Amino acid sequence: MIDGKKVLFSGMQATGNLTLGNYLGALKNWITLSDEYECFYSVVDMHSITVRQDPAVLRKRARNLLTLYIAAGLDPKKNCIYYQSHASGHAELAWILNCFTYMGELNRMTQFKDKSAKHADNINAGLFTYPVLMAADILLYQADVVPVGVDQMQHLELTRNIAERFNNIYGDVFTVPEAYIGKVGAKIMSLQDPTKKMSKSDENPNGSIYLMDDPDTIMRKCKRAVTDSEACIRYTDQQPGLKNLIDIYSACSGCTPQETVKAFEGKGYGDFKAAVGEAVISVLKPLQEEFDRLSKDKAYIDGIIKDNAEKANYFSAKTLRKVQRKVGFPDRIR
Ligand code: TRP
C-alpha cells in the first residue's frame, strides 16, 4: 500500500515497434487502472539485453516507449514512469532472488525454451534468469497486482512462488502479487493470420498495425486483412478474421462487438474494413500527434525521467534494505 492505494506494477520492453495490439490490449487498460492503483510502469531495458541489441537503437527505443506511455495518457506525475536501469534495486534484488530460485523452475519456463530456440547462438545466463529479474521488478515495489498477458502468466506464477518461499523463511517480507487479467481483454490477432496474436516481432508487416503507421498504411492493412467467404457480418469463432476486425472496431470506437455487428448488418466486408481503418486512424492519429509534441519537448521528458527515477529508487530502496537485513547482509554505517 502506498498512500492507502494498492500498488500495481507492469512493464514493457522497448524492442520492436509497438502494435495496435499492445495499445488496445495493454496500454489502454493501464490508463484505466491508474486512478485506482499506485502505479509503476517501467520501460524494462534490462530485460532487453538478454538478446543482443544495438546500443543506440535500444536507447532511442527506450525513450520512445517512455514518451509513448505519456502520449497514450498516463499522467507521469501520478504514475511512476521510469527506466528499469535507473533504479539499481532491480539488479540487486534479482541477485538475491536468484539464490531462492531453482534451476528446475527456470528450466520449465516456456518463454526460455522458445527464446533459446530462436537465439541458439546466444543462450546466455541472463536469458535463463530473465524471470527472476521480472520477479524482482514486481516484488521490489510490493506490488499487489500485475496486469500481464497470458504469455507472462507463467512468470507471474514463478514470482508468487519465489515470494512465498522467501516469506516462509523470513516472515512477511513480500506482498504476493495477483495477476490482473483485463476485463475488456481486447486480444488483438494478426490481420494476416487471425489464429496468431498481433505481434511486434511478426515477420509479415501486414499482420500488424504499428502505432506509428500513417493513415494510408493503416487503411491498406485493414483492407487487406484476411477474412472469409461467408459474406455475412457475424461475431463468431468460425469467422476469426472478421471477429478480430469487429474487436478492433469495437475497442477503437468504444462499443460492444454486438453493437458493431448491428451497425454493419447487411453491409459488405469492403465497407466494414474501411470503417475499421477509419476507427483505428481516429485513435492513432491523436496519439501520434501527442507523441510528436512530447518528443520535441526534451526538457519536459528529461524532467519526468529524473523525478520518476528518484521516486522508483525511493520505494525500491525500502524493500531492498529490508531484504538485505533479512538475508544477513551487514548494516550500513551512516
Ligand atoms: N517480461 C514482460 C514481457 O515481455 C515484461 C516485464 C518485465 C514485466 N518485467 C515485468 C511485465 C514485470 C510485468 C511485470 O512482456
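Whatever order the structure lists ligands and atoms in, that order sets their numbers, starting from 1. The model shown is predicted, which means the values in this text are computed figures rather than measured ones. Starting from 1, each residue takes its place in the sequence as its number.
Considering all non-hydrogen atoms of both residues, Ile233 and Leu242 come closest at CA-CD2, 3.7 Å.
Closest to atom 12 (C) of ligand 1, if we only count protein heavy atoms, is Phe9 CE2, 3.4 Å. Looking only at protein heavy atoms, the nearest one to atom 9 (N) of ligand 1 is Asp137 OD2, 2.7 Å. Counting only heavy atoms of the protein, atom 5 (C) of ligand 1 lies nearest to Gly11 O, 3.6 Å. Among protein heavy atoms, the minimum distance from atom 1 (N) of ligand 1 is reached at Tyr130 OH, 2.7 Å.
Ring planes of Trp30 and Tyr41: parallel class, angle under 30° (limits at 30 and 60°). Using cut-offs of 30° and 60° on the angle between ring planes, the pair Tyr141 and His90 is tilted. Between His86 and Tyr83, the ring planes are perpendicular. Angles over 60° get that label, and only those under 30° would be called parallel.
The proximity of Asp151 to ligand 1, defined as any non-hydrogen pair under 4.0 Å, does not occur for either the backbone or the side chain. For His47, every heavy-atom contact with ligand 1 shorter than 4.0 Å involves the side chain, none the backbone. Only the side chain of Gln152 comes within 4.0 Å of ligand 1, judged by heavy-atom distances. Residue contacts with ligand 1 for Ile138 involve side-chain atoms from C-beta outward but no N, CA, C or O (heavy atoms, distance under 4.0 Å).
For the 3.5 Å distance criterion, the side chains of Ser295 and Asp292 fail to qualify, holding no donor opposite an acceptor. Using modelled atom types and a 3.5 Å distance limit, the side chains of Asp202 and Ser199 yield no donor-acceptor pair. Side chain to side chain, Gln84 and Asp137 meet the donor-acceptor criterion of an N or O pair below 3.5 Å. Side-chain contact, Tyr102 with Asn107: no donor N or O sits under 3.5 Å from an acceptor N or O.
Set against the non-hydrogen atoms of Val44, the atoms of ligand 1 under 4.0 Å away are 7 (C), 9 (N). For ligand 1, the atoms closer than 4.0 angstrom to any heavy atom of Val146 are 13 (C), 14 (C). Residue Val148 approaches ligand 1 through these ligand atoms, each under 4.0 Å from one of its heavy atoms: 13 (C).
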